[in-house]
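What follows is one structure encoded as structure tokens, with my remarks underneath.
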Amino acid sequence: MFIKIYNALITILYPIAIRGYIQKRKERGKEDTKRFNERIGRPTKKRPEGRLVWLHGASVGESVSMLPLIQKILETYPDTHVMVTTGTVTSADVMNKRLPERAFHQYIPIDNPIFTRRFVKYWHPDVALWFESEFWPAMLSSIKKRNIPLILINGRISNKSFKRWQQFDFISKELLSCFTLCLGQSEEDAYRLRVLGAANAICLGNLKYAGLPLPIDEDKKQDILNQIKDRPLWLASSTHNDEEVKIASIHKRLKADFPNLLTIIAPRHPPRGSEIQEKINELGLKTALRSKNEKITPGTDIYIADTIGEMGLWYDIADIVFIGGSLIPHGGQNFIEPSRVRDAAIVGPYMHNFTDAVNRAKKADALIQVNDVLELEEQVRSLLSNKELREAKKSLAYNWATKEAKVLTDIVEKVKGFI
């Protein structure tokens with residue numbers, strides 16, 4: 001009943017109010033005017049012959065997390081095409097650059113039943129994989145009416161969302177009834193989906209654990225290694241404001257034990273590079289800034305890697321990695337990427353963005369979590385001075401990350417039954 005009322009209201013309100021809002025989005029560059037027909041369900045591409053798997057994600061984060069699954073599906077089914085839909089201009093640009101052969105991008109239609117029915121009728125995919133946390137009633141009902149299997153992938157229900165949905169469980173039950181299968185990121189997410197009305201909700205793991213390898217430019221890598229030579233080093237990656245000065249202070253104290261130590265800082269937001277350099281120079285340390293092509297000399301204390309798209313290079317060079325955003329109440333950054341390339345990973349106390357992953361990794365002794373700056377210093381000192389400990393931690397991290405990555409195979413096996 002809710003979906004019928006919603007669809008009726010949206011149909012009435014679109015020309016009265018929503019169209020004006022969309023026009024303002026166009027004026028602000030939030031809509032792709034050249035491809036706007038896609039947003040009203042009118043395709044700009046011809047449907048490929050044969051099987052078509054459709055994946056939908058809201059924006060850049062969701063769309064990038066799809067890439068390993070897209071690659072796996074195309075490898076498994078050589079005669080199948082993949083369509084990816086997103087709603088933002090930025091995500092469309094990213095997908096157009098990164099999608100492999102036999103995969104293409106379209107914008108998701110505005111959630112108006114006229115547009116969504118037109119979209120689903122034209123493309124009629126064999127299966128739809130939904131990566132978005134927002135459930136759009138018009139689109140979900142259009143998929144259901146065409147009897148297209150709809151699978152929620154990497155479903156996450158936060159505490160806040162769970163409590164809110166429980167107050168309107170009659171709506172959540174109707175929306176979740178559109179899904180053939182719901183795959184939660186964690187057992188807790190799968191449980192919450194069942195409580196909210198999902199008839200079939202299970203957990204196979206978190207797809208973020210199965211990300212594609214980060215790119216490495218081998219020539220650049222060799223150039224950096226030639227500059228570093230045999231110096232001991234550690235990396236602080238994805239750091240945020242206030243963390244870099246703390247890292248520099250740790251470096252200053254560690255130099256008493258490791259006079260030749262090199263610390264690499266790869267900030268989360270590279271444009272902050274010059275600002276970070278200025279602050280660290282005030283501590284009496286010598287820095288080099290990658291964006292200015294400054295070289296690592298024997299006297300360089302801290303190398304600030306303030307560039308975009310080179311994180312794979314730093315993870316490959318370093319053995320010991322501290323993950324930023326975790327010494328401050330930000331919630332942490334992705335520690336799974338360095339684990340996959342056999343790095344000993346350390347995080348701070350604030351990792352609430354990755355609670356499930358942290359718990360699983362710590363249970364496997366694959367992650368070091370510290371409470372403060374002093375503990376971080378001691379852990380780095382121990383790993384630098386004890387090769388056996390360092391190698392053990394690297395192996396534990398790698399083994400855990402490799403095991404967790406099997407979620408990709410498990411998800412494809414589930415999807416197989418609906419293709």
Side-chain angles (χ1 to χ4, degrees), residues 60-61 64 90 93-94 214-217 220-221 223-224 227-228 231-255 258 260-318 320-335 337-338 343 345-354 370-377 379-380:
V60 175
V64 170
T90 307
D93 184 54
V94 171
L214 296 175
I216 299 171
D217 186 312
K220 290 180 180 179
K221 174 186 168 183
D223 179 49
I224 290 291
Q227 294 176 47
I228 295 173
R231 293 177 64 179
L233 65 90
W234 68 298
L235 165 68
S237 75
S238 300
T239 56
H240 290 248
N241 188 31
D242 193 43
E243 289 183 313
E244 292 92 5
V245 172
K246 293 175 180 177
I247 298 300
S249 298
I250 289 174
H251 173 93
K252 207 168 183 178
R253 293 190 292 270
L254 288 174
K255 278 188 71 176
F258 309 96
N260 205 24
L261 179 66
L262 174 68
T263 297
I264 300 173
I265 294 178
R268 176 68 174 171
H269 303 291
R272 295 181 52 242
S274 296
E275 168 199 330
I276 294 167
Q277 184 177 41
E278 189 176 330
K279 289 180 179 179
I280 294 176
N281 285 346
E282 289 175 1
L283 298 176
L285 295 171
K286 294 181 180 179
T287 60
L289 202 63
R290 183 157 179 79
S291 62
K292 293 182 180 177
N293 293 316
E294 295 174 352
K295 300 296 183 182
I296 301 171
T297 68
T300 302
D301 290 299
I302 294 180
Y303 187 60
I304 302 167
D306 58 335
T307 49
I308 295 173
E310 292 192 314
M311 194 60 81
L313 174 64
W314 312 124
Y315 285 153
D316 192 67
I317 287 171
I320 304 164
V321 178
F322 165 72
I323 305 298
S326 62
L327 280 178
I328 57 171
H330 173 77
Q333 300 295 160
N334 190 340
F335 70 90
E337 289 174 339
D343 288 336
I346 311 171
V347 297
Y350 302 104
M351 286 294 291
H352 45 270
N353 292 339
F354 296 84
V370 299
N371 292 311
D372 51 38
V373 174
L374 290 177
E375 284 190 18
L376 174 59
E377 180 185 333
Q379 288 294 339
V380 174

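These numbers were taken from a predicted model, which means no experiment stands behind them. Keep in mind that the numbers below use all heavy atoms, side chains included, and drop hydrogens, waters and symmetry copies.
Going from atom CD of Gln227 over to atom CG of Leu262 covers 10.0 Å, rounded to the nearest 0.5 Å. The distance from atom OG of Ser237 to atom CE of Met311, rounded to the nearest 0.5 Å, is 5.0 Å. Once rounded to the nearest 0.5 Å, the distance linking CD1 of Ile265 with CG of Leu289 reads 11.0 Å.
Of all the heavy atoms in Gly273 and Asp306, the pair that sits closest is CA-OD2, 3.6 Å.
His240 and His269 have perpendicular rings, their planes meeting at more than 60° on a 0 to 90° scale where under 30° would count as parallel.
Annotation: Arg272, atom CZ; neighbour count of heavy atoms from other residues, nucleotides and ligands within 6.0 Å is above 12.
The backbone N or O of Leu327 sits less than 3.5 Å from a side-chain atom of Glu243, completing a donor-acceptor pair. No donor-acceptor distance shorter than 3.5 angstrom exists from the side chain of Lys221 to the backbone of Ile216, with no hydrogens or angles considered. In this structure, Ser326 contributes its side chain and Ile323 its backbone to a donor-acceptor pair below 3.5 Å. Judged by distance alone, with hydrogens and angles left aside, the side-chain atoms of Arg231 form a donor-acceptor pair with the main-chain N or O of Leu261 at under 3.5 Å.
Tested against Lys286 for a side-chain contact (heavy atoms from CB on, under 4.5 Å), the candidates Thr297, Ile280, Asp301, Asn281 yield a single pass: Asp301.
Looking at Ile250 and Val373, their side chains come closer than 4.5 Å, going by heavy atoms from C-beta outward. A 4.5 Å side-chain heavy-atom check between Pro267 and Thr239 finds at least one atom pair inside the cut-off.
For Tyr303, the ring-ring contact (aromatic ring centres under 6.0 Å, His included) partners at least two apart in sequence or on another chain are Trp314.
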